[in-house]
2 protein chains.
Amino acid sequence: MRNTRADVIAAALRVLDEHGLEFCSMRRVASALGVQPSALYHHVPDKQTLLALMADEIIRGVGGDDAAGLCRSLRSALLAVRDGADVVATAAAFRLGASGLEQRLARLVGPDGASTLLFYTFGHAQSTQTRRQAERFGALPGTDPDAVAAGSAPSQEADASFERGLDIILAGLGRR
Amino acid sequence: MRNTRADVIAAALRVLDEHGLEFCSMRRVASALGVQPSALYHHVPDKQTLLALMADEIIRGVGGDDAAGLCRSLRSALLAVRDGADVVATAAAFRLGASGLEQRLARLVGPDGASTLLFYTFGHAQSTQTRRQAERFGALPGTDPDAVAAGSAPSQEADASFERGLDIILAGLGRR
DNA sequence: ACCTGAACACCGTTCAAGT
DNA sequence: ACCTGAACACCGTTCAAGT
């Protein structure tokens with residue numbers, strides 16, 4: 001037995017994190033595995049399914065006691081791998097609601113609160129990752145080069161911004 | 001003068017609406033225009049720029065007096081063309097904040113309120129469009145076939161769901 | 001200015017065939 | 001069961017050349 005499905009998923013996540021979603025092709029995953037592209041189809045029916053399996057892996061272990069904790073945990077899971085928010089958001093649209101995460105949230109804040117929190121969390125994470133990549137090679141207007149070089153200022157402000165938006169939604173949920 | 005940049009954008013939007021983002025390739029836009037693929041590069045530097053121009057066109061005319069009206073107007077613009085939410089969300093990430101729409105919102109509800117509302121509106125619209133497409137050929141679990149056939153029930157519930165989430169965020173914003 | 005034709009370096013996926 | 005090799009129908013983009 002040369003490779004297993006778990007090997008394929010792990011290799012795909014490595015390629016994703018190193019090169020980004022745009023270059024995470026079946027052919028590249030295959031070559032990262034030292035195998036022909038066609039070999040992947042023995043483990044996975046198609047690319048869409050592979051992306052869904054990657055998404056499951058990315059959000060595996062997300063948890064928390066309250067709504068805010070759950071959202072923070074989800075957010076940090078999405079930000080842990082390059083383009084993670086994109087991968088999970090796209091895949092979650094097909095497999096309804098990110099692996100029961102929506103149900104867990106719904107139990108805490110109701111279905112409307114759950115979807116509102118999820119849309120916000122995914123949107124904010126996607127925006128953060130897009131900005132990160134723009135800074136990586138483009139020098140975004142209005143960005144302090146030193147702060148970018150330090151690598152801490154952008155994520156610090158992103159964290160604070162996320163908390164402020166979260167507070168707004170939670171305040172709205174409390175009003176009933 | 002055979003074709004202008006506006007012709008290219010219009011053709012691209014037609015292809016998008018008929019076939020979806022997945023099949024909205026430079027080659028298909030070219031053939032919709034009766035022209036060779038390479039001809040497009042006389043009007044547009046690359047595909048990413050064409051998508052940004054399409055996004056500008058999609059949200060052209062979005063407006064409103066208050067935050068809720070602005071969000072509703074944006075939402076209906078996104079839903080008016082197939083995969084519109086995806087196209088605008090991706091392009092808006094590069095050209096900051098959907099053509100000053102974020103600034104307009106920020107003036108009404110502050111910067112955190114603006115981004116929270118935008119993340120929510122884009123996320124909800126994307127989810128609605130993904131569901132629509134799943135229903136189009138896959139029969140989503142838990143969906144009433146008659147309601148799908150009628151074509152009104154899904155969008156009616158989507159509208160109501162959008163309003164409920166909007167209310168939550170606006171209530172949270174009012175609390176300050 | 002606008003377009004053609006040909007090429008380059010890629011894609012996802014299928015399928016017979018090997019071990 | 002797992003993989004190779006070759007093929008098919010696509011991509012985005014470049015570039016010389018035509019009118």
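First the proteins, then the strands, lettered A, B, ... as listed; each starts at 1. Predicted, not measured: the structure shown is a model, and the values here were computed from it.
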A/Gln36 CD to C/dG18 P: how many Å, rounded?
-> 16 Å
Over how many whole Å does the gap from B/Met26 atom CE to C/dC8 atom P extend?
-> 21 Å
Just compare D/dT14, D/dC3, C/dG12 and give me whichever is closest to any side-chain atom of A/Val35.
-> D/dC3
Does a side-chain N or O from A/Ser25 land closer than 4.0 Å to OP1 or OP2 of C/dC11, or not?
-> yes
In whole angstrom, give the distance that lies between atom CG of B/Leu33 and atom C1' of C/dC2.
-> 12 Å
Complementary nucleotide of C/dA9, counting Watson-Crick and G-U pairs under 3.5 Å = none
Scan B/Arg27 against the nucleic acid and name what it touches under 4.0 Å (heavy atoms): base, sugar-phosphate only, or nothing.
-> base
Please determine, for the side chain of A/His43, which listed nucleotide (C/dC3, C/dG5, D/dC2) has the closest atom?
-> D/dC2
Side-chain contact check for A/Lys47: nearest option of C/dG12, C/dT14, D/dG12 is C/dG12
Per nearest nucleotide of DNA chain C, the residue lying toward the 5' end, B/Asn3 or A/Pro45, is B/Asn3
Salt-bridge criterion met for B/Glu57 and B/Arg14 (N-O under 4.0 Å) = no
Report which part of the nucleic acid A/Arg28 touches: base, sugar-phosphate, or nothing (heavy-atom distance under 4.0 Å, all strands).
-> sugar-phosphate
Using the C1' atoms only, state how far D/dC11 lies from C/dA7, rounded to an integer number of Å.
-> 14 Å
Nearest whole angstrom, please: distance from the C1' of C/dA1 to the CZ of B/Arg2.
-> 11 Å
Taking the six-membered ring for Trp, are B/Phe162 and B/Tyr120 parallel (under 30°), tilted (30 to 60°) or perpendicular (over 60°)?
-> parallel
To the nearest Å, give me how far apart CG (A/Leu50) and C1' (C/dT13) are.
-> 14 Å
Pair A/Glu22 + A/Arg28, salt bridge at N-O below 4.0 Å = no
Between C/dA6 (P) and B/Tyr41 (OH): distance, integer Å = 19 Å
Does a nitrogen or oxygen in the side chain of A/His42 sit under 4.0 Å from OP1 or OP2 of D/dT4?
-> no
Using purine N1 to pyrimidine N3 plus N6-O4 or O6-N4 for Watson-Crick, or N1-O2 and O6-N3 for G-U wobble, each under 3.5 Å, what pairs with D/dA17?
-> none
Rounded off to whole Å, could you give me the CG-to-P distance for the A/Leu40 and C/dT13 pair?
-> 10 Å
Between the side chains of B/Thr49 and B/Asp46, is a donor N or O closer than 3.5 angstrom to an acceptor N or O?
-> yes
Between the main-chain N or O of B/Asp86 and the side-chain N or O of B/Asp83, is there a donor-acceptor pair closer than 3.5 Å?
-> no
Using atom CG of A/Asp46 as one end and atom P of C/dC11 as the other, report the distance to the nearest whole Å.
-> 17 Å
